Amino acid sequence: MSDKVVKTSGSEGNGGADWEEIPWMTIRQWQSVRQIHVLHREQHTEPLPDTNAPCNLHVLVRGRVSLPAGPCILRLTADDSYQAWLDGAWLGQGPAPAYTGRYPYQEYEIAGGRTVTLALHLYYQGKITRSCSGGDGRFGLWAVFCRGRQVTAACDESWRYRISSAYSGETVGYDTQFLENFDSRLWEEEWKEPGYDDSDWECLTEAKWADYHLVRQETQPLERRRAEPVSCRPVPGGILYDFGRERTGCFHAVARGRDGQHLILRYGEELDAAGRVRFEMRCNCRYEEQWTLREGSNVLHPWEYKAFRYVEVLGESEECPEDILTDCHVMERYYPMEEGLCSLACETDELGRIFEMCKNTVRCGTQEAFLDCPGREKGQYLGDAIITARAQVWLTGKTDMLRKCILDFIESSRVTPGLLAVAPGSFMQEIADFSLLFGALVLTDYDFTKDKDFLGKCYPTLAGMMDFYRQYRRADGLLENVTHAWNLVDWPENLRDDYDFALTRPVVGKGCHNVVNALWYGALIMKEKAEDILELSCEKTSGPVKEAFQKAFYRPEQKLFADSEVSGHCSLHANLYAACFGLMPKEAEDAYEALMLTPGRRCGIFPMYFALRGLARMGRYETLYRLLTREDDGGWRNMLREGATTCFEAWGKDQKWNTSLCHPWGSGAIPLMIEELAGIHPDPNALSGYRFCPRLPKQIEDFRLRVPLRGRLLEVVRESGAAATIIVRAAGQ
């Protein structure tokens, strides 16, 4: 054990320092690493310089400090991330991924009057990826024990570290994560304990960089819950565990083996035709790892989480690992979600099952950000977050994660005022459709909080984004030649309903097309709504744009909107955003409803959310319900039919070449059921904070919905076809 203890007072230690002045610490090997700036516009073509840094770096750190009597606060962060133990007991993990301009630290209350050992497992991923702001050559630790602003102890050169060589493997997804071939022979189980001898470990050194703007992480720590397998069965050469539903987390096990013995671990979201784990997953992740054992007892120590339901453990030759394995479980992780707080009981047309599938998707996909998927990318996409966030706020009654998401995209405006499509992260992508929907994210917060101050903080970014897109505005107010970013329309491409405009990348076709302009109009009305709330005197420009839109795209003979001003093709996409944002003439509403019901006409899951909102705007609730519960291969019930426990990226497994089987943008059924069917609309102007206007179809005879809203629990009940009623309860009842 290191015998050096950090001083807690006087000039010999940090006792007189302000905690914000404490430097970052790093490892000696990092002195030659180059820190680089990885943020840039998507179409920037110059290659990034080499950092000369290793990837997939695992470092173990130990610090021993004496604390004065009384409670202390440990402020802790790392780049890229950490897991922490205090005196051998689990403390926490973090921080949430972020840009350096708003980098979070976490706080832990520590009892003082004793000497404690803080053990940290630090990780540097090193790749340019959506999942973290990595690949920038920054690797370090910042840890401060405080009482108020006074530092009582801090991480310094007395803290010791060792680089772990127990992990190896190649990347999966889009350089999203490294596989973890774990070698127990290279791992010391006791390293976290206070009495461990670290005298031969190296000492940390002060980092060269100090340009982080540290902020207290206001989102809650992730919950960790142990999940046992619901069944297991032998397979040739091994054993297969089923954990009952899709999980986001890590597989843990204990094995008694011989030195050098290998076990193969395979993870998957589904089984193949032979009943084995499909570890070469549809979503472009090949989840196969090797665990090398030492003589005696071995504990598997996974670092990075995966998205899976099944685990297969295979032995060598004819050995069956069932005889040597014990304590096999999944440590599931997710953002706090009280299980019974928001629920729906309704058997009609599988509404309850759809709701539960969406709920589990939000649980799996809300980690330290709103992920597009917890497997292939692990990135927070602005468009996906608009849907996931609204569902998550209903499910939890909280807006802290939503606000963190909004602030992430506000930070991305430092790269471009037009906003990045994925933030935070070091992978640069711009999608016009998503940027133009930023106002929906901001107004969701206002819907549920009525917080004008926060809306005011968001408004400059919203206005700046709109100013950015004005560079494409022509004389009539419509946008043309929006070529700097993806014009997504829909994804995958085969679900664009033959949209008649060149959307190829990297260069989008020139001209004036429908979807980007429908979204431009939607952005204008959301900006004007924010200005009205904030009582800002600004010019209203949405009216002329609406007239120009109808003139350019409306086809009176079909009573529908066309894909571009020179096209006669009227796709779903050319009409669904128009319906959602109120661009559709009254005379066109029947045609839009008929278009949505036409066999063979399809859109993907993301635009379907807006399409159904459009039907609600027109009062076509029967059709909304019919499409929400449709039985063909274009709806949520098809996912259930294909065995889903979380929403897919597309309506069916084979509808996209690399379908993720856990994609939270499919959770839009939750706000649609709560708001458009049960009729609970958050309304900041209402004294109660909501309006109640149920629209349940007559065939729903038994319906019971429970949702949290502003510290109360609302229950909508319909029994035996009677009128729906609402019951208001205090929180906790």
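It should be emphasised that the depicted structure is a prediction, and the values quoted were computed from it without experimental measurement.
- No hydrogens or angles considered: nothing links the side chains of Tyr174 and Asn284 as a donor-acceptor pair under 3.5 Å.
- For residues 451-470, every residue pair satisfying the ring pair (Phe, Tyr, Trp, His ring centres under 6.0 Å) rule, not counting sequence neighbours, is listed here: Phe468-His484, Tyr469-His484.
- A distance of 9.0 Å separates CH2 in Trp85 from CD in Gln93, rounded to the nearest 0.5 Å.
- Residues passing the salt bridge (charged side-chain N to carboxylate O under 4.0 Å, His left out) test with Lys656 are Glu649, sequence neighbours excluded.
- Between the side chains of Thr51 and Arg34, not a single donor N or O lies within less than 3.5 Å of an accepting N or O.
- If you look at Tyr212 and Tyr103, their ring centroids are closer than 6.0 Å.
- Of the N and O atoms on the side chains of Glu42 and Trp486, at least one donor lies less than 3.5 Å from an acceptor on the other residue.
- Partner Glu332 forms a salt bridge (Lys or Arg N to Asp or Glu O under 4.0 Å) with one of Arg226, Arg247, Lys306 and no other, that one being Arg247.
- Take Lys398 and apply the salt bridge (charged side-chain N to carboxylate O under 4.0 Å, His left out) test, not counting sequence neighbours, and it matches no residue.
- In this structure Asp175 satisfies the salt bridge (charged side-chain N to carboxylate O under 4.0 Å, His left out) test with no other residue, sequence neighbours excluded.
- To the nearest 0.5 angstrom, Arg376 atom CZ is 13.0 Å from Ser131 atom OG.
- Aromatic rings of Trp665 and Tyr609 (six-membered ring for Trp) have centroids beyond the 6.0 Å cut-off, not under it.
- Under the rule for a side chain to side chain donor-acceptor pair (under 3.5 Å), the partners of Arg309 that lie at least two apart in sequence or sit in another chain are Asp242.
- Among residue pairs with one or both ends in residues 212-224, those qualifying as salt bridge (charged side-chain N to carboxylate O under 4.0 Å, His left out) are Glu107-Arg216; sequence neighbours excluded.
- Note on ring orientation: taking the six-membered ring where Trp is involved, the planes of His44 and His40 are tilted (angle from 30° to 60°).
- A donor-acceptor pair shorter than 3.5 Å can be found between the side chains of Gln29 and Tyr161.
- Side-chain contact, Asp136 with Gln35: no donor N or O sits under 3.5 Å from an acceptor N or O.
- The heavy-atom pair separating Ala391 from Val362 by the smallest distance is CB-CG2, 4.0 Å.
- Residues satisfying the side chain to side chain donor-acceptor pair (under 3.5 Å) test with Lys359, not counting sequence neighbours, are none.
- With rounding to the nearest 0.5 angstrom, the CD atom of Glu411 is 11.5 Å from the CG atom of Leu419.
- The aromatic rings of His121 and Tyr167 sit tilted relative to each other, their planes meeting at an angle between 30° and 60°.
- In this structure, SG on Cys203 lies 13.0 Å from CD1 on Ile27, to the nearest 0.5 angstrom.
- With sequence neighbours excluded, no residue forms a salt bridge (charged side-chain N to carboxylate O under 4.0 Å, His left out) with Asp433.
- Phe606 and Trp491 have their aromatic ring centers separated by at least 6.0 angstrom.
- With values rounded to the nearest 0.5 angstrom, Arg102 atom CZ is found 11.5 Å from Leu214 atom CG.
- Residues satisfying the side chain to side chain donor-acceptor pair (under 3.5 Å) criterion with Glu188, sequence neighbours excluded, are Arg162, Tyr196.
- Applying the salt bridge (charged side-chain N to carboxylate O under 4.0 Å, His left out) test to every pair with at least one member in residues 360-370, sequence neighbours left out, gives these pairs: Arg333-Glu368, Glu339-Arg363.
- A ring-centre distance under 6.0 Å is found for Tyr105 and Trp19.
- There is a side-chain donor-acceptor pair under 3.5 Å between Asp400 and Tyr335.
- Salt bridge absent: Asp453 and Lys457 never bring a charged side-chain N and a carboxylate O closer than 4.0 Å.
- With sequence neighbours excluded, no residue forms a side chain to side chain donor-acceptor pair (under 3.5 Å) with Asp80.
- Within the structure, the ring pair (Phe, Tyr, Trp, His ring centres under 6.0 Å) test picks out the following pairs touching residues 382-423 (sequence neighbours left out): Trp394-Phe448.
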